[in-house]
Engineer: 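Right, I'll just put the structure down here and ask away after.
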Amino acid sequence: MNKSDPQQLIQELIGLHATQQGALLPLLHAIQDQLGFIPPDAVGEIATGLNLSRAEVHGVITYYHFFRTTAPGKHVVQICRAEACQACGADALLALAEKTLGCAVHETNAKGSVTLEPVYCLGLCASSPAMQVDDTLHARVSADRLTKILSQLEAA
Ligand code: FES
């Protein structure tokens, strides 16, 4: 698949998923896996390719917080906001991350190095609070550890 031509890539992915039952979610995941986000101007192509309305496609993209409609920064930091992590200080970690990065959740810092996102359970509830940096999970995250991780990401 050719990531340098997003439109072609999206067409190829639509072709791969078009005959699949309930194709929309798997297709959106595949597009985001390849491009890092769902380009808003792809909504029409996706709708046509899956024989859905634009409103249906747009509704699913906006319903699931997992889907991005803008390109993420170089790294994606996801802090778990589900119950077990909240009980162990996840809100304070998120506030610290926002302050350190100078951006709110769902935003990217000014350097473009880090996008901050919430996530709802990473399967590490017994070792909360938890976070994920790109594909790497981190358990029992302290404020110090978060600060160190963020400064390494910002320096990279
Ligand atoms: S609640 Fe955070 S990992 Fe499960």
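For ligands, and for the atoms within them, numbers begin at 1 and follow the listed sequence.
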Engineer: Within 2.8 Å of atom 4 (Fe) of ligand 1, is there any N, O or S atom belonging to Cys80?
Structural biologist: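 So Cys80 does not bind atom 4 (Fe) of ligand 1 by this criterion.
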
Engineer: If the cut-off is 4.0 Å to any non-hydrogen atom of Leu124, which atoms of ligand 1 fall inside it?
Structural biologist: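 Listed by number with element: 3 (S).
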
Engineer: Is a side-chain donor-acceptor pair under 3.5 Å present for Gln8 with Glu12?
Structural biologist: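 Indeed, the side chains of Glu12 and Gln8 share at least one donor-acceptor pair under 3.5 Å.
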
Engineer: Would Ser151 and Glu154 count as having a side-chain donor-acceptor pair, cut-off 3.5 Å?
Structural biologist: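 Not at all, the side chains of Ser151 and Glu154 share no donor-acceptor pair under 3.5 Å.
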
Engineer: Below 4.0 angstrom from a heavy atom of Ala84, which ligand 1 atoms are there? Numbered from 1 as shown, please.
Structural biologist: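 Answer for ligand 1: 1 (S).
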
Engineer: Mark yes or no for whether His58, through its side chain, and Arg54, through its backbone, hold a donor-acceptor pair below 3.5 Å.
Structural biologist: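 Looks like no, no N/O pair under 3.5 Å.
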
Engineer: Below 4.0 Å from ligand 1: does a non-hydrogen atom of Ser128 turn up there or not?
Structural biologist: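 In this structure, Ser128 fails to qualify as a contact of ligand 1 - no heavy atom is under 4.0 Å.
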
Engineer: Sub-3.5 Å donor-acceptor pair from the side chain of Gln78 to the main-chain atoms of Val133, do we have one?
Structural biologist: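 A pair under 3.5 Å: no.
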
Engineer: Can you tell me if Cys85 has an N, O or S atom under 2.8 Å away from atom 4 (Fe) of ligand 1?
Structural biologist: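 Cys85 does not place any N, O or S atom closer than 2.8 Å to atom 4 (Fe) of ligand 1.
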
Engineer: Give the atom numbers and elements of ligand 1 that come within less than 4.0 Å of a heavy atom of Gly123.
Structural biologist: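 Listed by number with element, the hits are 3 (S).
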
Engineer: Once rounded to 10 degrees, what value does the angle at atom 4 (Fe) of ligand 1 take between SG (Cys121) and SG (Cys125)?
Structural biologist: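 Answer comes to 90°, rounded to 10°.
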
Engineer: Indicate, with yes or no, if Val76 and Phe37 share a hydrophobic cluster defined by side-chain heavy-atom contacts under 4.5 Å among Ile, Leu, Val, Met, Phe, Trp and Tyr.
Structural biologist: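 Per the 4.5 Å side-chain linkage, Phe37 and Val76 are not co-clustered.
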
Engineer: Name the orientation class of the two ring planes belonging to His29 and Phe66 (parallel below 30°, tilted from 30 to 60°, perpendicular beyond 60°).
Structural biologist: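 Ring orientation of His29 relative to Phe66: tilted.
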
